[in-house]
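Working notes, structure below.
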Amino acid sequence: MKMRKLLALGLSLAMAVSLCGTMAFAEEETEVETEAETEAPLVITEDIQEIIDRGVLRVGVKNAVEGFGYQDTLTGEYSGMEIDIANLIAEELGVDVEFTTVTAATRTELLDSGDIDCVIATFTITDERRESWDFSTPYYTDHVTVLVKDSSEITDLEGLLDKTVGVSSGSTSARSLVEAMIEAGVIDGEGYDAETFDAALWTDGVSFRQYDDYPAISTALESDEIDAFCVDKSILAIYKTEGRSYIDAEFAPQEYGVATTKDSGFSAYVDTLINRWLNDGTIDGFIEEYALD
């Protein structure tokens, strides 16, 4: 009788140990599967293979935005967070990288023509732009503001009434400023329509002058051709020299993403990489390195 009880007890213990081991294995397997699910596989599509066969990733970048895309005038070397992202993408592909300087007016033309494979150039994601190009998950969020000369005594949105503001051709800065002035009650915004807004035609309370690049706007501000310079704060930082200040207003969050050809295989590839680097702290490291926080 005692022997039967001992045998039964032993069998129960063996079953318990076996069950615990099975449960532990199941938990471990679940953890592995969960980790795998967080990182989508990198699929090499035909357009990606073309880049690999070419041996060069062609990227449109800025050359005058410190911390993002800046080119040394003496060495010709590029540096900044967006340059580092481009280098990492090229490294994943196993190819070299070739940088082409773009502006707000030229970046999409070069992408559409196939002269470049992607744009990593403080390119703000909007619903309107998504209709024509793909964008990765945002890797940085900035805000729009306005730079003025201290001698102008302009300190806020109200001070911009009846003034001329310089903006970059092809940017959304003018529209963002008008929306901010309407929201603040500085102008009534009668007749404003976000879909049909044209900076060249807008004259209600503030007017705009468009330029091909940021240095031209800065020069125009210095020569009093315009009263203010409006764009993303990260871009304005290099032009905030002695005797110039930001007005007391930040508005219109600007999410930057990598722009690629609409519905291309490369779009999904890049987005997978950006999400990986957001999750593992790589992009946070760039933001810290270039003091962008």
Side-chain angles (χ1 to χ4, degrees), residues 61-73 78-83 101-107 119-126 138-161 163-181 183-184 186 199 206-257 286-287 289-293:
V61 297
K62 293 288 181 66
N63 70 342
V65 184
E66 288 189 355
F68 289 87
Y70 184 79
Q71 185 178 27
D72 188 294
T73 54
Y78 286 88
S79 64
M81 173 184 182
E82 294 176 330
I83 304 303
T101 298
V102 299
T103 66
T106 65
R107 57 194 172 192
V119 177
I120 315 179
T122 61
F123 201 175
T124 303
I125 303 168
T126 67
Y139 54 80
Y140 187 82
T141 301
D142 197 8
H143 289 79
V144 177
T145 190
V146 180
L147 185 69
V148 296
K149 292 171 69 174
D150 294 342
S151 58
S152 71
E153 299 185 352
I154 299 172
T155 60
D156 52 23
L157 290 171
E158 191 172 358
L160 294 172
L161 273 173
K163 297 296 191 294
T164 301
V165 180
V167 295
S168 178
S169 300
S171 74
T172 59
S173 302
R175 183 172 64 189
S176 296
L177 177 57
V178 168
E179 289 176 351
M181 294 177 75
E183 186 175 342
V186 176
V206 63
S207 58
F208 299 95
R209 189 165 295 176
Q210 300 180 81
Y211 297 84
D212 289 337
D213 55 48
Y214 304 127
I217 308 176
S218 179
T219 299
L221 177 62
E222 195 60 33
S223 64
D224 296 320
E225 183 178 317
I226 55 176
D227 303 294
F229 180 175
C230 179
V231 73
D232 303 1
K233 192 171 185 178
S234 58
I235 296 172
L236 282 177
I238 192 174
Y239 303 105
K240 188 182 176 295
T241 53
E242 186 176 352
R244 295 179 172 186
S245 301
Y246 302 124
I247 66 168
D248 186 21
E250 290 185 4
F251 44 91
Q254 306 290 296
E255 293 186 323
Y256 297 158
F286 292 153
I287 291 172
E289 178 183 353
Y290 294 105
L292 301 175
D293 48 3

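If you read the sequence from its start, that first residue is 1, and numbering goes on from there.
The 12-atom threshold is not exceeded at CD of E158, counting heavy atoms of other residues, nucleotides or ligands nearer than 6.0 Å. With a 6.0 Å radius and a threshold of 12 heavy atoms from other residues, nucleotides or ligands, D156 has its CG atom above the threshold. Annotation: D150, atom CG; neighbour count of heavy atoms from other residues, nucleotides and ligands within 6.0 Å is above 12. More than 12 heavy atoms of other residues, nucleotides or ligands sit less than 6.0 Å from atom CD of E250.
Proximity of a side-chain donor or acceptor of E66 to a complementary backbone N or O of A237 within less than 3.5 Å is not detected. Side chain of S223 to main chain of T219: a donor-acceptor pair is present (N/O by atom type, distance under 3.5 Å, no hydrogens or angles). Side-chain N or O atoms of S176 include one that pairs as donor or acceptor with a backbone N or O of T172 at under 3.5 Å. Side chain of K149 to main chain of D227: no donor-acceptor pair is present (N/O by atom type, distance under 3.5 Å, no hydrogens or angles). Of the possible donor and acceptor atoms, one in the side chain of Q254 sits under 3.5 Å from a partner among the backbone N and O of A252. Side-chain atoms of D213 come within 3.5 Å of backbone atoms of A216 as a donor-acceptor pair (strictly under, hydrogens ignored).
Remark: K233 qualifies as a cation-pi partner of Y246 under the 6.0 Å distance and 45° angle criteria applied to the six-membered ring.
With hydrogens and angles left out, the side-chain atoms of Y256 and S234 include a donor and acceptor closer than 3.5 Å. S79 and Y290 share no donor-acceptor pair across their side chains, judged by distance under 3.5 Å alone. No side-chain N or O of T126 forms a donor-acceptor pair with one of R175 less than 3.5 Å apart.
For the pair R244 and L221, the minimum side-chain heavy-atom distance is below 4.5 Å. With contacts defined as side-chain heavy-atom distances shorter than 4.5 Å, the pair L236/V231 qualifies. For the pair V65/D232, no side-chain contact is recorded, criterion being any heavy-atom separation below 4.5 Å from C-beta on. Looking only at side-chain heavy atoms (C-beta outward), T106 and T101 stay at 4.5 Å or farther from each other. Residues V148 and K163 fail the side-chain proximity criterion, which asks for heavy atoms closer than 4.5 Å. Between T155 and I247 there is no side-chain heavy-atom pair separated by less than 4.5 Å. In this structure, V146 and F251 have side chains that are in contact, with non-hydrogen atoms separated by less than 4.5 Å. Two residues are said to be in side-chain contact when any heavy atoms from C-beta on lie closer than 4.5 Å; D212 and T103 fail this criterion.
Taking the six-membered ring where the residue is Trp, F229 and Y239 present tilted rings, their angle falling between 30° and 60°.
For the atom pair CZ of F123 and CZ of R107, the computed distance is 4.5 Å after rounding to the nearest 0.5 Å. Taking CD1 from I238 and NZ from K62, the interatomic distance works out to 11.5 Å, rounded to the nearest 0.5 Å. Taken from OH in Y211 to OG in S169, the straight-line distance is 10.0 Å, to the nearest 0.5 Å. Interatomic distance, T145 OG1 to L177 CG, rounded to the nearest 0.5 Å: 9.5 Å.
A ring-centre distance under 6.0 Å is not found for F286 and Y139.
Considering every non-hydrogen atom in both V144 and C230, the closest pair reads CG1-SG, 3.6 Å. The shortest non-hydrogen separation linking G67 to L292 is O-CD1, 3.5 Å. For the pair E82 and A121, the tightest heavy-atom approach, listed with the atom from each and the gap, is OE1-CA, 3.4 Å. Taking both residues in full, the closest heavy atoms of K240 and S245 are given as CE-CA, 4.4 Å, listed atom of the first, atom of the second, then distance. For S168 against I217, the heavy-atom pair with the smallest separation is N-CD1, 3.7 Å. In terms of heavy-atom proximity, V167 sits nearest to S173 at CG1-CB, 4.2 Å.
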*Can you check side-chain contact (heavy atoms from CB on, under 4.5 Å) on I235 and T122, steps first, answer last?*
CA-CA 8 Å; I235 296 172; T122 61; 3.7 Å; yes
